Amino acid sequence: MLELHDIHIALGDLKIEIQQLKVEKGDYLAIMGPTGAGKTVLLESIAGLHALHGGKVLLNGRDITHMAPNKRGIAMVYQDYVLFPHLSVLDNITYPLRIRKERDFSFAMKLANMLEIRHLLDREPSTLSGGEMQRVALARALVIRPNVVLLDEPFSSLDLKTKCKVRKIVKDTISELNATVIHITHDAETAWTMANKVAVMHEGKIVQIGSTEDIFTHPKTEFVANFVDTNILKGEVIGMQDSLTVVKVGDARIYTAAPAKGNVILSIRPENIIVSKTKIESSMRNQLQGRIESIESTGSIVKLYIKIKGMALVSTLTPNAIHALSLEPNAEVFVYFKASSVHVL
Amino acid sequence: MKFLLFYSLFVIITIPFGFIPTLITTLIVSIFAYFETRNYYVLFSSLIAAGGIIWLPLSVLALVPIFLVSKDEPFVKIATIIAALAVGFILFPVVYLFVSAPPWGFPNQLYITLLTSIIAATLATIIGLFFALPLGYVLARKNFPGREFVDGVIDIPIVIPHTVAGIVLLLVFGTAGVIGAPLESIGLRFYYALPGIILAMLFVSIPFLINQIRDGIGKVDERYELVAMTLGATRTKAFFTVVIPLIKRNILSGSINAWARAMSEFGAVIMIAFYPMIAPTYIYFLFTNYGLSTTLPATSFILLITLLIFVSLRVVFGRVKNA
């Protein structure tokens, strides 16, 4: 278990302050935040590569604040992998073992199999593709059976197809080893698919932390909601109806199960919005009519931008659904979502 | 034309050897140029070279047809002829020495002095590496007030006259010097001794090592070390297992340059240790005592050996790349 208490880090203009952060054994924590939020520096500090200006780091109850990086058993994988260019793939993976004068490479071989890089062992790092380098770097980090693995945006430079494939291999490997991971990403999809906990960082502070489900469905602030890619609507509460709150957004009325009054900000996850070309019978309280403005495909999911009475909504569907519903730009559509899917921020 | 520089160089450095060698060289060059271009105009070169019988420098006009036939841009042609003159300026005296004095028939003492040179230069390079690796690391990795001052200090041995360097070292490391005297009492003498030679060589050659190593480490991303540390290496171990392999080309070329500089040092060495004699000192000794003609075979031999060592080092290590 890794715990941070009252961490202060100052590096140039960057200031990081974290009151408390706990990662249990086997946890997969995704730290999300925009560029410049201090995520990489936070990871380097956990690894012991920067001195803290205050606070404590505990690992399994032991204070490691002043422990040398090489004694912590916290392995770091950088965004650009930082494979040793003078060593072959095999020598890269076994580097931590050779440093420890261990001669048994069987676990390294097992990792190479699990991460599907067995066939690359004789290659030079410069000849590898991004997805291959990524897995070699991960194998090199996992080979020491680290207490915590720190991943700094490991998938950000991969193309979409590779990203999906590598993500699956990495996820399977990490869950099989029950490794504890802290993973930095600005990609909501990666956090959603990999992590069981999410922390959102903004200007050096953690603004929200919780289970992945919790963060994505109940973002506490506008910043978090924006960041996890959910629909944000501004409106005014105009009354109650059937124990639901009625919010006027533009010219539309939106029902929410959450109690609220005055000016409010609403959040609706794109995947909770159902789109249909024909009117359907539904118990869902929010039923609106709009027009598809554009359709944006990001590979595994498709984003629909829908214009409804002066407000804009994003809905996500699978490419198959788009095809089956024969949706296309400028089509008139009906939009449905539950009152309980509308969160008040 | 691929070999334009070679053609010009051969003709230019043959001219001082006289009419007949020039004529032969021009003939060979023009035949080669003909096979390269398949243009028979270049064969007129040897005819023009024959004009050298009137006044030898006219032979240089033999290059005109070759330059006319060459399809290079005018700028490249002019640059090539100037380049050939510059290379010829360095190469001609060396070639001329070998022609006028064969590298044999010198006193046997030359072998001993050459051996002294090689041993002292090698030791100076090794000692230099011992200091240059940590210093290069600190300069490349750390930012501190006075950095530029330190960078300037490192270049002092390069910019001061070598006799001045020798005098300074003598003042400090001489038998009565502030450092020399205490070391003398524990049995380490620099004045008129091998350590003095190594000291002078180290002083003039170490900037080459430091600069190369600092530049090399500066190009190695520090995160290689950081990653090695999170994987279980200490900073020291990361330095030896990651940084050193990544700068081996810089280490080799810095060492070769420093070694060559040490081998060629004379001014600083004679100030602190005229004896035991190193090869350059012995050449100077022969020249001042016996005159030019006695000195020439020895000079020729030293030149030959130095070139052989330097060229073979370049060939062997020239292919080594930073990983």
Side-chain angles (χ1 to χ4, degrees), chain A residues 12 40-41 43-50 64 67-88 91-102 108 124-127 133 136-152 182, chain B residues 129 132-134 136-147 209 212-256 316-323:
Chain A
T40 305
V41 174
L43 285 199
E44 288 181 333
S45 305
I46 293 171
L49 303 172
H50 293 296
I64 58 160
M67 192 186 264
N70 59 315
K71 300 219 165 67
R72 297 184 181 211
I74 298 181
M76 173 114 182
V77 177
Y78 276 102
Q79 186 171 8
D80 51 354
Y81 320 124
V82 193
L83 296 176
F84 302 132
H86 60 296
L87 300 177
S88 69
D91 289 345
N92 261 283
I93 297 175
T94 56
Y95 176 85
L97 302 174
R98 287 181 289 116
I99 284 285
R100 290 170 172 77
K101 305 231 183 319
E102 280 176 33
E124 298 298 318
S126 58
T127 67
M133 287 198 259
V136 173
L138 189 67
R140 186 178 64 177
L142 289 172
V143 81
I144 61 169
R145 298 172 207 262
N147 295 313
V148 185
V149 189
L150 308 174
L151 306 178
D152 184 2
I182 300 179
Chain B
L129 272 175
L133 282 168
Y137 184 85
V138 172
L139 289 176
R141 285 278 185 263
K142 301 289 163 198
N143 234 328
F144 50 88
R147 247 196 73 104
L209 279 171
Q212 269 289 344
I213 288 167
R214 179 192 54 205
D215 294 350
I217 296 178
K219 287 198 188 86
V220 175
D221 192 333
E222 191 179 0
R223 293 180 311 153
Y224 287 117
E225 289 169 67
L226 300 185
V227 163
M229 283 158 71
T230 73
L231 295 173
T234 57
R235 183 71 88 161
T236 317
K237 204 138 201 188
F239 180 74
F240 284 106
T241 57
V242 178
V243 178
I244 296 244
L246 288 177
I247 59 161
K248 60 174 187 264
R249 215 188 83 86
N250 297 83
I251 293 176
L252 278 172
S253 81
S255 301
I256 291 172
V316 172
F317 296 122
R319 266 178 242 134
V320 174
K321 285 202 174 86
N322 281 342

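Letters A, B, ... mirror the listed sequences (proteins, then strands); counts begin at 1. Quick caveat: nothing in here was measured; it's all calculated off a predicted structure.
- Salt-bridge annotation for B:Glu222 and B:Lys142: absent, with no side-chain N of the basic residue lying under 4.0 Å from a carboxylate O of the acidic one.
- For A:Leu97, no part lies near chain B; criterion is any non-hydrogen pair under 4.5 Å.
- With a 4.5 Å cut-off on side-chain heavy atoms, B:Leu209 and B:Ser255 count as touching.
- Heavy atoms of A:Arg98 lying under 4.5 Å from chain B are absent altogether.
- Within the 4.5 angstrom heavy-atom criterion, only side-chain atoms of A:Leu49, from C-beta onward, approach chain B.
- The aromatic rings of B:Tyr224 and A:Phe84 sit tilted relative to each other, their planes meeting at an angle between 30° and 60°.
- Interface remark: A:Arg72 contributes no atoms to any contact with chain B (heavy atom separation under 4.5 Å).
- In terms of heavy atoms, B:Ala233 sits closest to B:Ala238 at CB-N, 4.0 Å.
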